[in-house]
Chemist: 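Before I ask anything, here is the structure I am working with.
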Amino acid sequence: MATKDLSQYDFNSVPSAESMKFGLVVAEWNPEVTFALAEGAIETLKRHGAKEENIILKHVPGSFELPLGAQFLAEFTDVDSVIVLGCVIQGETRHFDYICEGVSQGIKDLNLKYNKPFIFGVLTTDNQQQALDRAGGKHGNKGDEAAITAIKMLALKHSF
Ligand code: DLZ
């Protein structure tokens, strides 16, 4: 099965992020993956003009805490968009399903509650290798993809 390279996109199709403010909330579970996602996202935002002082980085213990961490950023800062980064790896129990369900629904709800882009940059994989492949490995970096999505959604908002 072909897998999209998460880091490949047309640079010129991405608007300038110079005047945009971003929050990143990153889960500490599977840090070798999630910190690489954050690095990719921050590099990509800067590549498109985002200023260092307009990027706020916060950490939460695990992916289940991502929606509340993202809500804190929306409530207590003036960010325009929040990029949510985590990695949930399938284990022997159904914990995986509950975490994925909670995070994805939580993030979807935040988009609609705040009328701001909250970007779902959470890897949900069968094993660690699949996650590493998508955190700067052979399938690119989902953090890059999340950053581009945040910029494009803000540009869309500004177009109205
Ligand atoms: C408990 C747990 C497990 C088993 N697996 C993961 C995981 O793969 N990725 C992740 O981000 N977090 C995991 N957690 C922690 C939960 O997200 C959460 O932090 C705890 O259940 C406490 O609420």
Side-chain angles (χ1 to χ4, degrees), residues 3-88 100 102-124 131-160:
T3 304
K4 182 177 180 277
D5 184 326
L6 297 158
S7 299
Q8 229 173 45
Y9 62 94
D10 174 11
F11 185 91
N12 295 318
S13 73
V14 182
S16 168
E18 200 180 340
S19 62
M20 298 174 179
K21 295 184 178 178
F22 300 93
L24 275 84
V25 55
V26 181
E28 289 169 342
W29 262 74
N30 302 310
E32 61 289 350
V33 174
T34 60
F35 291 9
L37 296 177
E39 208 176 299
I42 290 168
E43 278 308 306
T44 302
L45 293 175
K46 287 187 185 166
R47 198 176 312 123
H48 289 281
K51 299 192 184 92
E52 180 108 40
E53 65 266 29
N54 287 337
I55 301 173
I56 300 176
L57 174 64
K58 296 288 180 188
H59 293 92
V60 293
S63 289
F64 194 78
E65 286 71 43
L66 286 169
L68 184 56
Q71 180 161 294
F72 287 161
L73 275 163
E75 284 285 329
F76 305 135
T77 78
D78 61 350
V79 295
D80 303 308
S81 172
V82 182
I83 297 170
V84 171
L85 300 171
C87 169
V88 193
C100 294
V103 183
S104 56
Q105 290 299 321
I107 299 305
K108 183 264 291 172
D109 290 347
L110 289 174
N111 275 278
L112 304 180
K113 176 178 172 184
Y114 287 95
N115 210 24
K116 287 182 177 188
F118 288 76
I119 309 303
F120 184 72
V122 180
L123 291 170
T124 57
L132 291 169
D133 289 345
R134 292 158 178 79
K138 68 178 178 185
H139 295 312
N141 190 325
K142 192 160 183 69
D144 297 350
E145 183 204 53
I148 298 300
T149 307
I151 297 170
K152 285 188 170 178
M153 285 304 291
L154 281 176
L156 173 65
K157 186 177 179 181
H158 296 155
S159 75
F160 288 101

Chemist: Nearest 0.5 Å please: distance from the OG1 atom of Thr149 over to the CZ atom of Phe118.
Modeler: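 Separation between the atoms: 15.0 Å.
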
Chemist: For Pro15 versus Ile151, what's the shortest heavy-atom pair and its separation?
Modeler: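 Taking Pro15 first and Ile151 second, the nearest heavy atoms are O-CG2, 3.4 Å.
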
Chemist: Assess the residue pair Tyr9 and His48 against the criterion (ring-ring contact (aromatic ring centres under 6.0 Å, His included)); give the C-alpha distance rounded to whole Å, side-chain angles, the decisive distance to 0.1 Å, and a yes or no.
Modeler: CA-CA 12 Å; Tyr9 62 94; His48 289 281; 5.6 Å; yes

Chemist: Identify the two heavy atoms, one from Leu73 and one from Val79, that lie closest to each other, and give their separation to 0.1 Å.
Modeler: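 Distance-wise, the nearest heavy atoms are O-CG2, 3.9 Å.
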
Chemist: How far does CG of Leu66 sit from OG of Ser104, to the nearest 0.5 angstrom?
Modeler: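 Here the interatomic distance stands at 11.5 Å.
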
Chemist: Looking only at non-hydrogen atoms, find the nearest pair between Val33 and Ala131 and report the distance.
Modeler: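 Taking Val33 first and Ala131 second, the nearest heavy atoms are CG2-CB, 3.9 Å.
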
Chemist: Taking the side chain as C-beta and beyond, is there a heavy-atom pair between Ile148 and Thr44 under 4.5 Å?
Modeler: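 Side chain of Ile148 against side chain of Thr44, heavy atoms only: contact under 4.5 Å found.
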
Chemist: Is any side-chain heavy atom of Val60 closer than 4.5 Å to a side-chain heavy atom of Leu68?
Modeler: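 No, side chains not in contact.
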
Chemist: Heavy atoms only: give me the nearest Pro67-Gly102 pair and the separation to one decimal.
Modeler: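 What the structure gives for the nearest pair is CG-O, 4.2 Å.
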
Chemist: Is any side-chain heavy atom of Glu18 closer than 4.5 Å to a side-chain heavy atom of Lys51?
Modeler: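 SC-SC contact between Glu18 and Lys51 confirmed.
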
Chemist: What's the verdict on side chain to side chain contact (heavy atoms under 4.5 Å, CB included) for Cys87 and Arg134, showing C-alpha distance, side-chain angles and the deciding distance?
Modeler: CA-CA 10 Å; Cys87 169; Arg134 292 158 178 79; over 6 Å; no

Chemist: Please round to the nearest 0.5 Å and tell me the distance separating atom CD of Glu145 and atom CD1 of Ile83.
Modeler: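 The CD atom of Glu145 sits 11.0 Å away from the CD1 atom of Ile83.
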
Chemist: Are Val82 and Lys116 close enough that some pair of their side-chain heavy atoms sits under 4.5 Å apart?
Modeler: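 No; the side chains remain at least 4.5 Å from each other.
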
Chemist: Scan Val26, Ile107, Leu110 and name whichever one has a side chain to side chain contact (heavy atoms under 4.5 Å, CB included) with Val84.
Modeler: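 Exactly one option meets the side chain to side chain contact (heavy atoms under 4.5 Å, CB included) with Val84, and it is Ile107.
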
Chemist: Quick check for you: to the nearest 0.5 Å, what is the distance between Asp133 atom CG and Leu6 atom CG?
Modeler: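 Between Asp133 CG and Leu6 CG, I get 10.5 Å after rounding to 0.5 Å.
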
Chemist: To the nearest 0.5 Å, what is the distance between CZ (Phe22) and CD1 (Ile42)?
Modeler: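 Going from CZ on Phe22 over to CD1 on Ile42, the span is 11.5 Å.
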
Chemist: Testing the basics here: between Leu24 and Ala38, what is the closest heavy-atom pair and its distance to 0.1 Å?
Modeler: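 It is CD2-O, 4.2 Å.
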
Chemist: Counting only heavy atoms not in Gln8, do more than 12 sit closer than 6.0 Å to its CD atom?
Modeler: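 No - once you tally the heavy atoms of other residues, nucleotides and ligands closer than 6.0 Å, there are 12 at most.
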
Chemist: Does Ser81 reach the main-chain N or O of Pro117 with its side chain, forming a donor-acceptor pair under 3.5 Å?
Modeler: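 Confirmed, Ser81 side chain pairs with Pro117 backbone.
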
Chemist: Whether the side chain of Thr34 engages the backbone of Ala27 through a donor-acceptor N/O pair (distance < 3.5 Å, no angle test) should be reported.
Modeler: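 Between the backbone of Ala27 and the side chain of Thr34 there is a qualifying donor-acceptor contact (under 3.5 Å).
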
Chemist: Under the side chain to side chain contact (heavy atoms under 4.5 Å, CB included) criterion, do Val122 and Val88 qualify, and how do the steps go?
Modeler: CA-CA 7 Å; Val122 180; Val88 193; 4.0 Å; yes

Chemist: Which atoms form the tightest heavy-atom contact between Asn141 and Ala36, and what is the distance?
Modeler: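 For Asn141 versus Ala36, the nearest heavy atoms are ND2-O, 3.0 Å.
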
Chemist: Atom CG of Asn54 and atom CG of Leu45: how far apart are they, to the nearest 0.5 Å?
Modeler: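 Going from the CG atom of Asn54 to the CG atom of Leu45 covers 10.5 Å.
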
Chemist: Hey, mind stepping through Lys108 and Phe120 against side chain to side chain contact (heavy atoms under 4.5 Å, CB included) and telling me if it holds?
Modeler: CA-CA 8 Å; Lys108 183 264 291 172; Phe120 184 72; over 6 Å; no

Chemist: Given 3.5 Å as the limit, does a donor-acceptor pair link the side chain of Lys157 with the main chain of Asn115, or not?
Modeler: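 Yes, Lys157 side chain to Asn115 backbone: donor-acceptor pair under 3.5 Å.
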
Chemist: Salt bridge (Lys or Arg N to Asp or Glu O under 4.0 Å): which pairs involve residues 65-75, sequence neighbours left out?
Modeler: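 Qualifying pairs: none.
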
